[in-house]
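Down below is the structure, laid out as structure tokens.
What you see below is based on every heavy atom in this structure, not just the backbone, and it leaves out hydrogens, waters and symmetry mates.
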Amino acid sequence: MSLLKKVRIGSIETENNVFVAPMAGITDSSYRILCRKFGAGLTFTEMVSSYAVIYSNKQTEEICIIREEERPVGLQMFGAVPEIMKRAVEIIVEKYNPDLIDINAGCPVPKVMKSGAGAKLLENPELIFRIVKEISSTTSRPVTIKMRLGLKDSSINIIENCLAAEEAGASMITIHPRTASGRFSSPCMWEYIALAKEKVKIPVCGNGDIKNPEDAVKMITETGCDAVMVGRATIGNPWIISGIISALKAYPEPFKIEHISTEEKIQTAMEHLTMTCRFKGELKGIREMRKILPHYIKGIPGSAKLRDRLVRIDNLNELIDLLKGVTQQKKGET
């Protein structure tokens, strides 16, 4: 009985149930295109501020750009004022045509929470209802929401918030089973994903502590969730996406772990780098890729020295030559 399946999210149906999480400063257009190449059924933009959309912030407008080869894509937005979020969605749909709108109710960053947005929404199920209702009534695009369990362990109210979102018209709920105070280091409580799946009728996507294909299989079998969402484990490692797909498809049989060669890692890193520079310009693209390229070379002999050189080069051709040199050196050793 394969665990790999399509997921119906409102008016759209995904190719499979392996999704990539929105990550600030990471999931830009080139990253999403790459994740789709490796089989991701759905990807998301970095989160954008509803106010920034309305005021035509240049950086926000760049984040919102969606290219055809990366679809389906959810555009994630944060905010705390239903009327402002509704207006922002009207602009987003008209200008960028996302496949769905995702509401962030999980970001634990103090700057976001001080504005009443992100994880701060969790303390007010009525506000979550109003936001989802306002947005779902103004667009035909599916509206989804990504939530944490609550603000802290003593005030977990995920089920109340899930029911509010569903009643207001949400088409899918993604649950990161930590509290806001737990940030990214506290243990994930997957049992709440299972509980939510029992309580709501719309799809539930599980997120958190998926570090390898085995974790994805375990999350679905233990919680019954409809989809899995993988985040930080994909950075410099898009092969985890195809690995999860293979593992879910093979279940309950074991799946074969494919060895990723140095040549393939370097080739993918160069593809990612050149695409980012094409979309954003050479200098900006290189500087943004500095936080991602070291992940691609992790485990390669001499990676520490190579990493030090990678983050100092501002010329694309020099950077490509440096990366090509890794594979040439590898061939010379064999």
Side-chain angles (χ1 to χ4, degrees), residues 20-38 40 43-49 51-53 55-67 69-70 73 75-78 96 104 107-112 118 184 230-241 260 262-300 302-329:
V20 175
M23 292 178 281
I26 301 292
T27 51
D28 61 6
S29 188
S30 59
Y31 196 92
R32 299 191 301 266
I33 289 172
L34 194 68
C35 289
R36 282 288 289 148
K37 177 183 174 181
F38 280 86
T43 64
F44 292 83
T45 68
E46 306 166 59
M47 68 176 185
V48 297
S49 160
Y51 278 104
V53 171
Y55 293 121
S56 301
N57 175 271
K58 185 178 178 181
Q59 184 178 357
T60 296
E61 289 182 332
E62 291 175 357
I63 290 173
C64 290
I65 294 171
I66 295 170
R67 293 172 170 85
E69 59 264 44
E70 59 187 88
V73 179
L75 194 148
Q76 192 185 69
M77 181 176 67
F78 70 93
Y96 308 107
N104 183 297
C107 179
V109 174
K111 182 180 177 181
V112 173
F184 295 98
V230 59
R232 288 171 291 170
T234 65
I235 301 175
N237 181 29
W239 298 274
I240 191 176
I241 300 168
I260 311 302
T262 295
E263 290 78 5
E264 188 174 352
K265 288 179 180 179
I266 296 299
Q267 185 60 45
T268 304
M270 290 192 296
E271 179 185 350
H272 191 174
L273 171 64
T274 54
M275 184 162 41
T276 302
C277 289
R278 188 168 73 248
F279 293 160
K280 298 184 176 183
E282 183 172 330
L283 187 58
K284 184 177 181 182
I286 288 173
R287 289 180 175 174
E288 291 197 5
M289 283 295 293
R290 282 176 178 167
K291 59 181 175 289
I292 296 176
L293 287 174
H295 291 273
Y296 279 109
I297 62 171
K298 194 179 294 182
I300 293 175
S303 60
K305 275 187 180 179
L306 180 59
R307 182 172 59 247
D308 186 59
R309 294 179 67 190
L310 282 175
V311 299
R312 296 175 186 273
I313 296 174
D314 281 333
N315 180 278
L316 179 58
N317 289 332
E318 287 182 30
L319 204 45
I320 292 294
D321 286 342
L322 178 61
L323 290 168
K324 282 181 178 177
V326 176
T327 57
Q328 289 166 357
Q329 180 182 350

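In this structure, CD in E46 is found 6.0 Å from CG in D28, a value given to the nearest 0.5 Å. Note that CE of M289 and SG of C277 are 8.0 Å apart. Values are rounded to the nearest 0.5 Å. Taking CG from L323 and CG from L310, the interatomic distance works out to 5.5 Å, rounded to the nearest 0.5 Å. Between R307 atom CZ and I300 atom CD1 the span is 11.5 Å, to the nearest 0.5 Å. Here the straight-line distance linking atom CD1 of I297 with atom NZ of K305 works out to 13.0 Å at 0.5 Å rounding. Annotation: the span from T276 atom OG1 to E271 atom CD amounts to 10.0 Å, rounded to 0.5 Å.
Contact annotation: the side chain of K37 never approaches that of P238 to less than 4.5 Å [non-hydrogen atoms, C-beta and beyond]. Between S303 and K298 there is no side-chain heavy-atom pair separated by less than 4.5 Å. Put simply, the side chain of T43 does not reach to within 4.5 Å of the side chain of T27, judged on heavy atoms. Residues M270 and Q267 have side chains in contact (heavy-atom distance under 4.5 Å, counting atoms from C-beta outward). Here the side chains of T60 and S49 are not in contact, with every heavy-atom distance at 4.5 Å or above.
A donor-acceptor pair under 3.5 Å is formed between the side chain of K291 and the backbone N or O of G25. In this structure, E282 contributes its side chain and L316 its backbone to a donor-acceptor pair below 3.5 Å. T45 contributes a side-chain N or O that, together with a main-chain N or O of Q76, makes up a donor-acceptor pair within less than 3.5 Å. Of the possible polar contacts, one joining the R290 side chain to the I313 backbone as a donor-acceptor pair under 3.5 Å is found.
Side chains of Y31 and T234: a donor-acceptor N/O pair is present below 3.5 angstrom, by distance only.
The shortest non-hydrogen separation linking A21 to G231 is CB-CA, 3.9 Å. When all heavy atoms of R36 and E70 are compared, the pair lying nearest together is CG-O, 3.4 Å. Heavy atoms only, all atoms of each residue included: M275 and I33 are closest at SD-CG2, 3.8 Å. Listed here is the closest heavy atom pair of Y296 and T268: CE2-CG2, 3.9 Å.
Under the side-chain hydrogen bond (donor to acceptor under 3.5 Å, both in side chains) rule, S29 has a single partner from E62, R67, K280, which is R67.
Within a 6.0 Å sphere centred on CD of E69, heavy atoms belonging to other residues, nucleotides or ligands number more than 12.
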